[in-house]
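Some notes on the structure that comes next.
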Amino acid sequence: MAAGTTLEMLETAAVETIRPLRMEAATPEFDEIVALHRRQVYRFLLASTRDEDLAETLTQECFLKAYRNWSGFRGESSVLTWLMRIAINLEKDHWRNRRVQFWRLTRTNAVDLDEASEWLPSRDRSVEQQMLAREQVARLWQVVDGLSGRQKTIFLLRYVEEMDLDEIAQTMGLSDGTVKAHLSRALGKVRLEMRGNR
């Protein structure tokens, strides 16, 4: 099944999951927010956890929590920034939960390396080049998984979600300088590991 099709099915399921929970404080505007931002929240959580089921569960929890607290949203940041902060906190809470540690240790790599290698340019690659590309993608994920929690989150927000540094700072409640420092350290580690793997 194509990734786009799966994502669209998940978006529909999330909207249908949230609809029965309608409360008086909710507005039709919230359905639009889900439709507009669900893909980004899910993509971030999938990149963070590399587990489709867990990413879907956390995405639904994120929008459910946002829905329940919608009347308290003050608009001091963008809706996406607010949602990403909720998603980051849910992911942190998930990994802190000791009952889930077993699943974290036994989870499998949910990213299909064959599919991920197709994201790389040039379709005119030899079989050897394709295998090398798959190995590089797998190695990159290993390196990113080895980053500290904060560095990994900042790295993924910057390079998977393509958020600006000030958006990341606002999302994570950090100063711009702190975000820059963590991103610089993360990039240094990734470059060093990827260079050493050649």
Side-chain angles (χ1 to χ4, degrees), residues 3-96 110-111 119 144 147-187 190:
T5 306
T6 302
L7 196 52
E8 289 166 7
M9 288 173 34
L10 295 174
E11 288 172 0
T12 303
V15 171
E16 289 173 5
T17 301
I18 291 172
R19 275 193 186 130
L21 300 172
R22 283 243 179 250
M23 296 178 237
E24 290 179 19
T27 64
E29 181 180 323
F30 194 78
D31 284 342
E32 294 172 20
I33 289 167
V34 172
L36 186 62
H37 298 297
R38 186 178 196 305
R39 182 170 289 179
Q40 286 178 287
V41 171
Y42 174 78
R43 188 175 55 218
F44 167 74
L45 288 167
L46 180 60
S48 297
T49 65
R50 294 183 43 214
D51 181 317
E52 290 177 1
D53 291 335
L54 178 57
E56 176 56 32
T57 299
L58 292 176
T59 300
Q60 288 186 14
E61 286 181 29
C62 177
F63 281 99
L64 183 58
K65 191 169 189 171
Y67 177 81
R68 288 179 175 157
N69 295 296
W70 183 240
S71 62
F73 176 62
R74 297 183 303 263
E76 294 173 357
S77 64
S78 72
V79 173
L80 179 61
T81 299
W82 183 62
L83 291 169
M84 284 298 195
R85 182 172 285 179
I86 293 170
I88 289 167
N89 289 336
L90 286 170
E91 181 201 8
K92 285 180 186 177
D93 290 347
H94 170 78
W95 294 126
R96 278 189 205 123
V111 176
W119 301 337
V144 171
L147 296 173
S148 73
R150 187 171 279 179
Q151 288 176 359
K152 180 180 175 182
T153 299
I154 290 171
F155 184 89
L156 293 173
L157 288 174
R158 180 71 180 119
Y159 294 106
V160 173
E161 293 307 315
E162 299 178 350
M163 291 176 76
D164 294 329
L165 295 178
D166 59 328
E167 288 178 300
I168 296 170
Q170 193 174 20
T171 298
M172 296 189 68
L174 302 171
S175 70
D176 287 349
T178 301
V179 169
K180 288 177 186 175
H182 282 291
L183 184 59
S184 177
R185 288 185 199 121
L187 282 172
V190 169

Quick one: salt bridge (Lys or Arg N to Asp or Glu O under 4.0 Å) pairs with a partner in residues 163-173, sequence neighbours left out?
none
Please identify each residue that fulfils side chain to side chain contact (heavy atoms under 4.5 Å, CB included) with Q40, with sequence neighbours left out.
H37, R43, L80, M84, E161
T153 side, atom OG1; R150 side, atom CZ - distance, nearest 0.5 Å:
9.0 Å
Can you name the closest pair of heavy atoms from A186 and Q151 and give their distance?
CB-CB, 4.0 Å
Measure the CZ-CG distance between F30 and L36 for me, rounded to the nearest 0.5 Å.
12.0 Å
Gap separating the CG atom of L156 from the OG atom of S48, nearest 0.5 angstrom
4.5 Å
Give, for atom OG1 of T171 and atom CE of M163, the distance between the pair rounded to the nearest 0.5 Å.
3.5 Å
Only counting residues at least two apart or in another chain, list the ones meeting salt bridge (charged side-chain N to carboxylate O under 4.0 Å, His left out) with E76.
R74
Hey, could you give me each pair passing side-chain hydrogen bond (donor to acceptor under 3.5 Å, both in side chains) that has a residue in residues 78-88? Not counting sequence neighbours.
S78-T81
Say you draw a straight line from CZ of R185 to CG of L147; how long is it, rounded to the nearest 0.5 Å?
12.0 Å
Can you tell me how far the CG atom of D93 sits from the CG atom of L58, to the nearest 0.5 Å?
9.5 Å
Which residue pairs pass the ring-ring contact (aromatic ring centres under 6.0 Å, His included) test with at least one member in residues 152-172, sequence neighbours excluded?
F155-Y159
Could you check F63 against L83 for side chain to side chain contact (heavy atoms under 4.5 Å, CB included), going step by step and ending with a plain yes or no?
CA-CA 8 Å; F63 281 99; L83 291 169; 3.8 Å; yes
Pair up each side-chain donor or acceptor in residues 173-184 with any protein partner under 3.5 Å, not counting sequence neighbours, and list the distances.
residue: S175; atom: OG; partner: T178; partner atom: N; Å: 3.1
residue: S175; atom: OG; partner: T178; partner atom: OG1; Å: 2.8

Of all residues at least two apart in sequence or in a different chain, which pass the side chain to side chain donor-acceptor pair (under 3.5 Å) check with T57?
none
Given the side-chain rings of F73 and W70, with only the six-membered ring counted for Trp, is the space between their centroids under 6.0 Å?
yes
